[in-house]
Amino acid sequence: DAMVIQNPRYQVTQFGKPVTLSCSQTLNHNVMYWYQQKSSQAPKLLFHYYDKDFNNEADTPDNFQSRRPNTSFCFLDIRSPGLGDAAMYLCATSKGGFFGGAGLPRAPQHFGDGTRLSIL
Amino acid sequence: EDKVVQSPLSLVVHEGDTVTLNCSYEVTNFRSLLWYKQEKKAPTFLFMLTSSGIEKKSGRLSSILDKKELFSILNITATQTGDSAVYLCAVDHAGNNRKLIWGLGTSLAVNP
């Protein structure tokens with residue numbers, strides 16, 4: 001089945017030790033997103049790629065970086081994790097473009113199962 | 001400021017009950033409203049609504065949008081314990097920014 005796959009499901013790292021989370025997709029979607037979700041909160045968009053174009057959210061800390069080496073894969077790098085970075089990290093994908101033209105609906109986002117990151 | 005408000009924040013029902021979850025929004029240049037179901041892991045897409053008055057249906061779940069009154073409802077009939085989850089509402093808006101405006105979700109618990 002076509003899907004969005006995140007690895008690992010659970011990641012434990014030490015305070016300040018760099019960590020990389022990965023996401024792959026078989027949907028052939030050209031847009032990939034990274035979200036951070038903390039307990040009882042809505043997902044918070046960190047950044048997204050539209051094809052190779054990187055789009056950072058203004059309030060995403062510099063500590064968070066991303067790479068997209070090809071259409072299928074996207075990585076989230078946390079350079080120096082702090083205790084406040086413990087969260088669920090969600091990868092999502094969607095088809096780019098519009099269903100019918102500017103101003104009309106965009107395709108929905110489809111999420112992977114997430115990686116739960118713990119910081120010791 | 002754009003916002004999405006869901007109610008109730010939490011709900012406890014018995015199996016077989018029917019529930020209605022609410023999502024109201026104030027978002028400029030509305031494109032679509034999306035419903036997701038989130039259990040212990042990532043959100044699962046349920047519905048995308050773009051036009052008023054057209055019901056979307058999938059099994060026991062259905063949803064409708066009112067663009068005049070700026071709200072949507074998600075109905076679940078004959079609830080089952082497997083329906084226990086957080087139901088998230090999000091709104092997409094015009095512009096190059098692909099950031100959805102999310103509600104805080106409704107936590108639904110279905111007891112046997």
Side-chain angles (χ1 to χ4, degrees), chain A residues 3-6 9-10 23 25 27 29-51 53-60 87-116, chain B residues 1-10 23 25 27-52 54 56 58 63 65 67 72 85-109:
Chain A
M3 55 178 52
V4 182
I5 301 167
Q6 290 189 243
R9 289 290 309 279
Y10 301 91
C23 177
Q25 53 127 343
L27 297 162
H29 286 169
N30 54 332
V31 191
M32 293 186 79
Y33 309 77
W34 279 105
Y35 286 87
Q36 179 192 67
Q37 188 178 27
K38 296 188 177 181
S39 182
S40 301
Q41 296 183 17
K44 177 179 181 297
L45 182 64
L46 296 173
F47 24 60
H48 76 272
Y49 276 94
Y50 192 116
D51 293 322
D53 293 334
F54 178 70
N55 298 270
N56 198 28
E57 291 300 308
D59 56 355
T60 298
M88 173 82 91
Y89 289 87
L90 303 171
C91 174
T93 73
S94 69
K95 285 186 185 177
F98 302 97
F99 288 173
L104 293 179
R106 289 188 281 221
Q109 297 178 24
H110 296 271
F111 287 82
D113 282 347
T115 294
R116 187 167 294 282
Chain B
E1 184 182 344
D2 292 336
K3 64 179 178 181
V4 173
V5 178
Q6 292 186 245
S7 63
L9 287 181
S10 65
C23 176
Y25 62 91
V27 177
T28 52
N29 300 315
F30 173 94
R31 281 188 194 272
S32 63
L33 185 145
L34 303 106
W35 282 99
Y36 287 87
K37 176 184 181 182
Q38 186 171 27
E39 295 170 270
K40 295 290 185 189
K41 40 189 184 177
T44 303
F45 172 71
L46 295 175
F47 300 113
M48 184 171 81
L49 302 156
T50 57
S51 301
S52 278
I54 299 175
K56 293 278 182 97
S58 176
S63 184
L65 174 68
K67 289 170 76 173
S72 173
V86 174
Y87 291 84
L88 292 164
C89 173
V91 172
D92 191 11
H93 56 101
N96 292 327
N97 186 325
R98 288 181 169 266
K99 187 174 184 177
L100 299 175
I101 312 298
W102 292 86
L104 290 179
T106 293
S107 177
L108 174 65

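Letters A, B, ... are given to chains in the order of the sequence lines, protein chains preceding strands, and every chain is numbered from 1. Computation of the quantities below employed the complete heavy-atom set of this structure, encompassing side-chain atoms and omitting hydrogens, waters and symmetry-equivalent molecules.
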Would you say the side chain of B/Leu100 lies within less than 4.5 Å of the side chain of A/Tyr35, judging by non-hydrogen atoms?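 The answer is yes; the side chains approach within 4.5 Å.
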Within the 4.5 Å heavy-atom criterion, are A/Gln109 and B/Tyr36 side-chain neighbours or not?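 Yes, close enough: below the 4.5 Å cut-off.
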More than 12 heavy atoms of other residues, nucleotides or ligands under 6.0 Å from CG of B/Leu9: is that the case?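 It does not: B/Leu9 CG has 12 such atoms or fewer within range.
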For the NZ atom on A/Lys38, are there more than 12 heavy atoms of other groups (residues, nucleotides or ligands in this structure) within a distance under 6.0 Å?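 For A/Lys38, atom NZ is crowded (more than 12 foreign heavy atoms under 6.0 Å).
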What's the separation between atom OG1 in A/Thr115 and atom NZ in B/Lys41, rounded to the nearest 0.5 Å?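 Interatomic distance, A/Thr115 OG1 to B/Lys41 NZ, rounded to 0.5 Å: 13.0 Å.
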Kindly compute the distance separating CD1 (B/Ile101) from CG (A/Leu45), expressed to the nearest 0.5 Å.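 Spacing of CD1 (B/Ile101) from CG (A/Leu45) equals 10.0 Å.
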Nearest heavy atoms of [X] and [Y], plus distance in Å:
{"X": "A/Pro108", "Y": "B/Phe45", "result": "CB-CE1, 3.4 Å"}
{"X": "A/Gly114", "Y": "B/Ala42", "result": "N-CB, 4.2 Å"}
{"X": "B/Gly103", "Y": "A/Ala42", "result": "O-CB, 3.4 Å"}

Only pairs of heavy atoms separated by less than 4.5 Å count here; which of A/Glu57, A/Gln41, A/Met88 has the most with chain B?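 Most heavy-atom pairs within the cutoff with chain B belong to A/Glu57.
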